[in-house]
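The next block holds one structure in the form of structure tokens; read it before the comments.
Reckoned from all heavy atoms, side chains included, excluding hydrogens, waters and symmetry mates.
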Amino acid sequence: INSPPGREAGSVDMVVCLEQPDARFEPGAVFPWEEHLREIFMCLCRSEPGAPRLPAFNKKIIMRDGGVSLISRRKEVTLTPTVTSPNTMVIVPSTWEVGVA
């Protein structure tokens, strides 16, 4: 990878987006639409290449620089981190409510 001047060699810009269904299309949904949205967020975690799925969430491996979104009641949250290559990342989407898929 050829990086622009001033950038770390092997760095890659990522865009990671988490969306939820548009509340305007839910049966029976009424304005204001935000009341039908869940509070969502996501984070990026570093992983070892070839490692199996994470058995449990581990806050020690969260990518601190640009790898955590705000918790928000929006249709979409986006992360735009710059990561070094090669690298293995795990995207962890979540809702603020416990037990909600």
Cys45/Asn58 under side-chain contact (heavy atoms from CB on, under 4.5 Å): CA gap, chis, key distance, verdict: CA-CA 8 Å; Cys45 298; Asn58 180 355; over 6 Å; no
Hphob cluster co-occupancy, Ile91 + Leu54, side-chain heavy atoms under 4.5 angstrom: no
Non-hydrogen side-chain atoms of Val83 and Ser11 separated by less than 4.5 Å: no
Atom pair CG (Leu37) and CD (Gln20), whose distance is rounded to the nearest 0.5 Å: 4.5 Å
Closest approach of Ile40 to Lys75 (non-hydrogen atoms, all atoms of both residues): CD1-O, 4.2 Å
Show which side-chain atoms of residues 60-68 pair as donor or acceptor with protein atoms under 3.5 Å away, not counting sequence neighbours.
{"unit_1": "Arg64", "atom_1": "NH2", "unit_2": "Lys59", "atom_2": "O", "d": "3.2"}

Heavy-atom pair with the smallest gap, counting every atom of Thr78 and Val15: CG2-CG1, 4.0 Å
Shortest non-hydrogen separation from Met42 to Val16 and the atoms involved: CE-O, 3.1 Å
Linked hydrophobic residues, Phe41 as query - side chain contacts closer than 4.5 Å: Ile71, Trp96
Residues forming a side-chain hydrogen bond (donor to acceptor under 3.5 Å, both in side chains) with Thr88, sequence neighbours excluded: none
Evaluation steps, side-chain contact (heavy atoms from CB on, under 4.5 Å), between Arg38 and Arg73: CA-CA 6 Å; Arg38 302 202 181 278; Arg73 188 178 303 274; 5.6 Å; no
Side chain proximity check, Cys17 to Glu76, heavy atoms < 4.5 angstrom: yes
Leu44 side chain reached by Leu79 side chain, heavy atoms, under 4.5 Å: yes
Minimum-distance pair of heavy atoms, taken over all atoms of Ser94 and Leu18: N-CD2, 4.3 Å
